[in-house]
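Quantities reported herein were computed from a predicted structural model and do not represent experimental measurements. Letters A, B, ... mirror the listed sequences (proteins, then strands); counts begin at 1.
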Protein chains: 4
Amino acid sequence: MTDHPIPVRPGRKRSEESRLAILAAAIELVGEVGYAGLTIEGIAARSGAGKQTIYRWWPSKADVLLDALATKADLHVPIPDEGSYTADLRAFLTASFRLGRDQRVADALRALMAHAQIDEEFRGRFRSSFLQRRRDALGIILDRARTRGELPPVPSPGTAADLVFGVIWYRMLATSQPVDENLIDELVTTLTEPRPAVGTSTPAARKGT
Amino acid sequence: MTDHPIPVRPGRKRSEESRLAILAAAIELVGEVGYAGLTIEGIAARSGAGKQTIYRWWPSKADVLLDALATKADLHVPIPDEGSYTADLRAFLTASFRLGRDQRVADALRALMAHAQIDEEFRGRFRSSFLQRRRDALGIILDRARTRGELPPVPSPGTAADLVFGVIWYRMLATSQPVDENLIDELVTTLTEPRPAVGTSTPAARKGT
Amino acid sequence: MTDHPIPVRPGRKRSEESRLAILAAAIELVGEVGYAGLTIEGIAARSGAGKQTIYRWWPSKADVLLDALATKADLHVPIPDEGSYTADLRAFLTASFRLGRDQRVADALRALMAHAQIDEEFRGRFRSSFLQRRRDALGIILDRARTRGELPPVPSPGTAADLVFGVIWYRMLATSQPVDENLIDELVTTLTEPRPAVGTSTPAARKGT
Amino acid sequence: MTDHPIPVRPGRKRSEESRLAILAAAIELVGEVGYAGLTIEGIAARSGAGKQTIYRWWPSKADVLLDALATKADLHVPIPDEGSYTADLRAFLTASFRLGRDQRVADALRALMAHAQIDEEFRGRFRSSFLQRRRDALGIILDRARTRGELPPVPSPGTAADLVFGVIWYRMLATSQPVDENLIDELVTTLTEPRPAVGTSTPAARKGT
DNA sequence: GGATAATCGAGACGGTACGTCAGGTCTTAGA
DNA sequence: TCTAAGACCTGACGTACCGTCTCGATTATCC
């Protein structure tokens, strides 16, 4: 997001000190005043940086926060390899849920998801630098399971990922329930249990059972 | 949201004409300039109302939009009673997906969900007047299925609802995939298939089948 | 400058309190920090008004100051009628010089003249609402003298006015000399001395002497 | 203003190329965007110089412009010696007026005079390096006339100079009238015509004539 | 019917933050 | 050690909306 492709340039170098102060101020402030109360002006004041320095490197307060989150909290989830789909999935969910249990991080993520709905350009950046990255991680687990033949025919891998991330985000955004151990069990069971392919037995056929 | 509990009062009556003009202006404007560009000032100007008239009846632009949506689009989903869990679920999903397919409505809902993340007070109103209402509708279907013994042991009814709404919202908020017929099939299959109790049969044991 | 030709308008009335507070703040601040240090932001802060309120009624800080000066200091010089050109001119100069002797007013006028050189639109307003007004006053005196036959043929009335205002402004802008009683005498003498009728001795004819 | 007192110094020599590029850019820009739109940043960009290079050698944009003007336009007026006060004065005025007739130069001079009102330090530099220099030129002419006995008793030489420069500057700053041949005639007549010393005939005594 | 009361459109008010611009300083790499 | 480049902090700009507060005009209810 803030890379300099050609590192050999004249002129003063970007101040790493300023960069870190800005990110730290953003994290602090969002905790104190909430995302709505977070302003570029406030971040500049708290960090001791000039507003222009922020505008030079980040296009919006959401980008600052996303960068801060990526720098501070470890947003990337390692791809587990436990030997079986069930175990991999369980490990992935455990790691993902741990992230969401930190209220600070959860609040910030909710805010970023919210901002992504409103700011079209940020939506792309948020997707590719956060959402898609985590989707890819789960995708690798699912691919591995498919080659091993551990994957039930329904739901399809894509839908399975949507179900997993869907339920996590829905709980964060729409309810106050935290994601807990129980949910992991239910998700693992729901997504690993073998079931017939769609269409082989129509809903109508199964109605009587 | 905008009810007057004691209708016998002196003074001029609330102008229904203004109310409708405001809601119409809100819908129009959000389509033209997006939610971020939607302002109370703009709604007032477009509708020919005074700003105070809006502030008198709605606490925020999100509330105006929610009201407008409830008035224009039919946000409430009828609770189907087709005789079986499978059929009821399918009917519910079909009705729900139809709503989300209207881009205008979907955009507005995304914006409201976003606003709910940022405005604490609106969050409560949005949950109780929209999210909870639809959750309750699905809850009735699930309850009925449970008493009929049609419900698989996993996931629990609460989690099942989270899965359903989770995947719908996740697709709206995080991906560009529309919700389609295919997803209905997968959801119905995933949530209706009878399965053994958790843990009795491991995925590994069933690998060969 | 800020008149409302149609006094019957809907909406809240302009706040006279704010207007006066703004003008007072402008006068105070220009005395404290000088014209270069005077800012709209500062005037707003000092007066307790919002910036928008200032921008609503005055197009620039120079206009605020001009208005303040016109309201506070009495910028208009009464047109004397002492019975003779000499006496009128002396009275006019005395009144004009008194204005320039107040350092506060003189500084502000210098600044406004300076601003007029840089801001094309303000130049017009400054000329018509200050410079031209005072030129007209002197013009009346000169006209009266001409009808009485008291006016020397050279310089012409227009040039006479330019000489009077020119020397005053030049001393204010380019030198540190104050305008004093002595200058009045010299100006009166230079502009009133009776000389032969026009044409009897042309400038060309006198060239050789 | 931009002198290098010790030409033998270690390090890279001052780039004459840069200096000329900066002055040229200043002249160009002030013509294109006006004095208000003229910025150090803009001059640096146009000239291909760094901002620091400008700040190193000139204290303000006005100084750059003054330097540019002195380098480009010939601001100094030669002191004529035509043998008589009348002829000298006429020659001086003709030369001075020629300068003000070049719109480019006139605009720049107006802007510098304006800047001098606002920037205290520049005021001193502008006076001594421009205003005083021209005043001295006229002073020599007047002195010569006095020793020759050609000078009328009123106005005094100092006031005469103020009248001359006052009317020129007043026309440039306050009116749109150009300085023309006619004004030369009037000024020469007004300042050469012999008249009694101030006080020998009081205004009251002359009232009846 | 006249007082009282709530509404309406309009628009000015004190504010906050925006995103931009330029100022003047400082740091880098290269000549 | 000077140069061009460019990042830095500072501070003001002019704008957009916010939510509140008069205004005068318009309905309504109640006495």
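- Taking only side-chain nitrogens and oxygens, D/Trp57 comes nearer than 4.0 Å to OP1 or OP2 of F/dT3.
- C/Arg9 places its CZ atom 15 Å from the P atom of F/dA25, with the value rounded to the nearest Å.
- The base of F/dG6 lies outside donor-acceptor range of the side chain of D/Lys51, with no N or O pair under 3.5 Å.
- Rounded to whole Å, atom P of F/dA5 lies 11 Å from atom CD1 of D/Ile22.
- Taking atom CG of B/Leu29 as the reference point, atom C1' of F/dC17 lies 14 Å away to the nearest angstrom.
- Among the nucleotides E/dC8, E/dG23, F/dC13, the one closest to any side-chain atom of C/Glu41 is F/dC13.
- Around CD of A/Glu120, the count of heavy atoms belonging to other residues, nucleotides or ligands within 6.0 Å does not exceed 12.
- Minimum atom distance to the side chain of D/Thr53 is reached by F/dT3, of the listed E/dA5, F/dT3, F/dA7.
- Open room surrounds CD on C/Glu17; 12 or fewer heavy atoms of other groups in view lie less than 6.0 Å from it.
- B/Trp58 places its CH2 atom 13 Å from the P atom of E/dT7, with the value rounded to the nearest Å.
- Position along DNA chain F of the nearest nucleotide to C/Tyr55 versus A/Ser18 favours A/Ser18 as the more 5'-ward residue.
- Straight-line distance from the CD1 atom of D/Ile54 to the C1' atom of F/dG6: 14 Å, rounded to whole Å.
- Heavy atoms of A/Ala49 sit under 4.0 angstrom from primed sugar atoms or phosphate atoms, though from no base atom.
- In this structure, of E/dC8, E/dG15, F/dC18, it is E/dG15 that holds the atom nearest to the side chain of C/Gln52.
- Screening B/Leu66, B/Ile22, B/Leu65 against B/Trp58 for a side chain to side chain contact (heavy atoms under 4.5 Å, CB included) leaves a single residue, B/Ile22.
- When side chains are defined from C-beta on, B/Pro59 counts as touching B/Arg125, because their heavy atoms get closer than 4.5 Å.
- Picking from F/dA7, E/dC13, F/dC21 the nucleotide with the shortest atom distance to the side chain of A/Arg56 gives F/dA7.
- The nucleotide whose nearest atom lies closest to any side-chain atom of A/Ser15 is, among F/dC8, E/dC18, E/dG23, F/dC8.
- Shown here is B/Arg104, whose CZ atom has no more than 12 heavy atoms of other residues, nucleotides or ligands within 6.0 Å.
- Between A/Leu20 atom CG and F/dC8 atom P the separation is 12 Å, expressed in whole Å.
- We find that CD of B/Glu16 is positioned 16 Å from P of F/dT27, with the value rounded to whole Å.
- The residue among A/Gly11 and D/Leu38 whose nearest nucleotide of DNA chain E is located toward the 5' end is D/Leu38.
- Spacing between atom CD1 of C/Ile40 and atom P of F/dT15 amounts to 11 Å, rounded to whole angstrom units.
- Nearer the 5' end of DNA chain F, as judged by each residue's closest nucleotide, is the contact made by D/Gly48, out of B/Ser60 and D/Gly48.
- A donor N or O paired with an acceptor N or O is not found under 3.5 Å between the base of E/dC13 and the side-chain atoms of C/Arg12.
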